[in-house]
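Data block below; observations after.
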2 protein chains.
Amino acid sequence: MRLSSMADYAVVTMSAAARHCGGVRVSAAELATETGLPAPTVQKLVSLLTRGGLLRSVRGAGGGLQLARPAAAITLADIVEAVEGPIALTSCAPHGKHDCALEHSCSVRPHWAVVNEAMRGALAGVPLTRLAQGADLALKNKTDREIA
Amino acid sequence: MRLSSMADYAVVTMSAAARHCGGVRVSAAELATETGLPAPTVQKLVSLLTRGGLLRSVRGAGGGLQLARPAAAITLADIVEAVEGPIALTSCAPHGKHDCALEHSCSVRPHWAVVNEAMRGALAGVPLTRLAQGADLALKNKTDREIA
DNA sequence: CCTTAATCAGACTGATTCGTTCCGATTTCA
DNA sequence: TGAAATCGGAACGAATCAGTCTGATTAAGG
C-alpha cells in the first residue's frame, strides 16, 4: 500500500524536469544536482521514464532530456505506471494468474477491478503542472541554499 | 503500488470469517481449510487482525474467532490498515520523517496528503458485506472469471 | 573523414523487507 | 486436577528492491 522509493523519486525528477520546460535539453546530471538525488539513481529513473514514453532522450555530446508531452498531459498515474508497471493492487487481476491458491473460487477478485480503477482515477487526477506549481512555490519561499 | 500478499490474504480470511456470522466461534484452522491458505499464515493474520481490533479471539479449548463488529462496519481500509499500518503512499507524509534527502524543499509533499485521502476513500467505500456477498455469488455462479 | 567527448541504456552486487514456519504461554472443558 | 486446544510472539529463509558500475551509442569538433 506504499509505493516504492523509485516511484517517489521519479515524481520528484519529473517535477524538476517540468521546471525546465523552456530549456529544450536537460542532462541527467543536472537533474541530480537540482533534486539532490544520487546521479546513478537519476540515470536509472530517466531510463525507465524514457522507456515509458514520458521523456524524450537526445544522446551524444550536448544531448539531454525533455518532456515527451506537455506537462498538463502527464499525471501521477503515468509516472507510477512507467516505474512500477500497471497499477493493480493484486497480481491476479491483470491476466488471471494461477499462482493464487484460491484459484477459481476467489470471492473478492471481482471487486478488485473496481478498487483498482478508483485508485488509478485518484492518481490520474493530479497532473504534473500542479506538482511543478508546488515546486515553484517551494523554491520561491525557501530559496535553495542547501543542495550539497 | 501493489499491496502485500498478507493484506490480500487478510481480505480473503475476513471474507471467510464473515460467512460464519451465524456461527459464534470459528477456529483459525477451519478458516485455513476453507480458504486454502497455509495454517501458520492464517494464524499470523488473525493475530494481526485481532490486534487491530477487527476480530475478537476466545482462547482455550473450543475457542475461536468472531467479528468484533458487524460486517457492514468493516471496510477494506480497516483490513489493510490492520495488516500494513496506516495507508500512506510515502513515508514522509505522516509525521515528517527526515530520511528523505530532499528534506524541507520537497515540492510534491503537500500533494501527497490529498492523494492519500482519495486512496483511503476508495478503500473505505467497499464494506465487508459486499465481499461476503461476492463470495456467495462466486460459489453460486462462478461465471465471471475474466474481468480484465 | 576521424577523433573525442558526453550521453543514455542495460547488467551486476548488496541490503532490506516480506513471507513462512516453528515453539511457547494461556485458557477452558472433561 | 489433568489435559487438550487455542492464540501470541519470535526465528529462519527467500525474494524483491535500491543502489552502483561498466559498456554501447551518438553528436559535435578538428
Side-chain angles (χ1 to χ4, degrees), chain A residues 1-13 17 23-33 35-66 68 80 82-85 89-91 97 99-101, chain B residues 1-13 17 23-33 35-66 68 80 82-85 89-91 97 99-101:
Chain A
M1 200 53 220
R2 185 172 48 190
L3 54 81
S4 63
S5 302
M6 295 298 275
D8 191 356
Y9 297 161
V11 175
V12 177
T13 302
V24 183
R25 292 165 302 199
V26 183
S27 67
E30 193 172 358
L31 289 174
T33 53
T35 56
L37 299 171
T41 300
V42 176
Q43 277 195 358
K44 190 176 181 64
L45 283 173
V46 297
S47 176
L48 288 170
L49 293 169
T50 303
R51 194 179 183 82
L54 298 178
L55 291 176
R56 178 67 60 183
S57 66
V58 178
R59 317 233 294 210
L65 300 159
Q66 56 181 352
V80 173
V83 176
E84 293 194 338
L89 276 71
T90 58
S91 58
K97 287 279 189 181
D99 303 349
C100 184
Chain B
M1 200 53 222
R2 185 171 50 190
L3 53 81
S4 64
S5 300
M6 297 297 275
D8 191 357
Y9 297 162
V11 174
V12 177
T13 303
V24 183
R25 293 165 302 200
V26 183
S27 66
E30 193 172 358
L31 289 175
T33 53
T35 56
L37 298 172
T41 300
V42 176
Q43 277 195 358
K44 188 176 181 62
L45 284 173
V46 297
S47 176
L48 289 171
L49 292 169
T50 303
R51 193 179 184 83
L54 297 179
L55 290 176
R56 178 65 62 184
S57 67
V58 178
R59 317 230 297 209
L65 302 158
Q66 57 181 349
V80 174
V83 175
E84 294 194 338
L89 276 70
T90 58
S91 57
K97 287 279 189 181
D99 303 349
C100 184

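Reminder, nothing fancy here: chain letters follow the sequence lines and each chain counts from 1. Everything numeric in this text was worked out from a predicted model, so none of it was measured.
Backbone-only engagement by A:Ala28 is indicated by non-hydrogen atom pairs under 4.0 Å involving sugar-phosphate atoms exclusively.
Nearest approach of B:Ala68 to B:Gly53, heavy atoms of both residues: CB-O, 3.5 Å. Listed here is the closest heavy atom pair of B:Met6 and B:Leu45: O-CD2, 3.4 Å. Taking both residues in full, the closest heavy atoms of B:Gly52 and B:Ala82 are given as CA-CB, 4.4 Å, listed atom of the first, atom of the second, then distance. Of all heavy-atom pairs spanning A:Asp8 and A:Leu3, the tightest one is N-CD1, 3.8 Å. B:Ala10 and B:Val83 get closest at one heavy-atom pair: CB-CG2, 3.6 Å.
Each of B:Thr13, B:Leu31, B:Val58 was checked for a side-chain contact (heavy atoms from CB on, under 4.5 Å) with B:Leu65, and the lone residue meeting it is B:Leu31.
The distance from atom CG of A:Leu55 to atom P of C:dT7 is 16 Å, rounded to the nearest whole Å. Atom CD in B:Glu30 sits about 15 Å away from atom P in D:dA5, given to the nearest Å. In this structure, B:Asp8 places its CG atom 15 Å from P of C:dC18, rounding to the nearest Å. Rounded to whole Å, atom P of C:dA6 lies 17 Å from atom CG of A:Leu65. Between B:Leu54 atom CG and D:dC7 atom P the separation is 16 Å, expressed in whole Å.
Under 4.0 angstrom from either OP1 or OP2 of D:dG8 there lies at least one side-chain N or O belonging to B:Ser57. Taking 4.0 angstrom as the limit, A:Arg51 places a side-chain polar atom (N or O) nearer than this to OP1 or OP2 of C:dG10.
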I'd like a list of close polar pairs between nucleotides 14-21 of chain D and the protein, N/O only, cut-off under 3.5 Å.
from	atom 1	to	atom 2	distance (Å)
D:dA18	OP1	A:Ser5	N	2.7

Are any protein N/O atoms closer than 3.5 Å to N/O atoms in nucleotides 24-28 of chain D? If there are, list each pair with its distance.
from	atom 1	to	atom 2	distance (Å)
D:dT25	O4'	A:Arg59	NH2	2.6
D:dT25	O3'	A:Arg59	NH2	3.4

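Residues satisfying the side chain to side chain contact (heavy atoms under 4.5 Å, CB included) test with A:Pro40, not counting sequence neighbours, are A:Pro38. For B:Glu84, the side-chain hydrogen bond (donor to acceptor under 3.5 Å, both in side chains) criterion is met by B:Ser4, not counting sequence neighbours.
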**OP:** For the pair A:Leu54 and A:Thr50, evaluate side-chain contact (heavy atoms from CB on, under 4.5 Å) and give the outcome as yes or no after the intermediate values.
**Re:** CA-CA 6 Å; A:Leu54 298 178; A:Thr50 303; over 6 Å; no

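For B:Thr50, the side-chain atoms get nearest to D:dG8 when compared with the rest of D:dG8, C:dG10, C:dC8.
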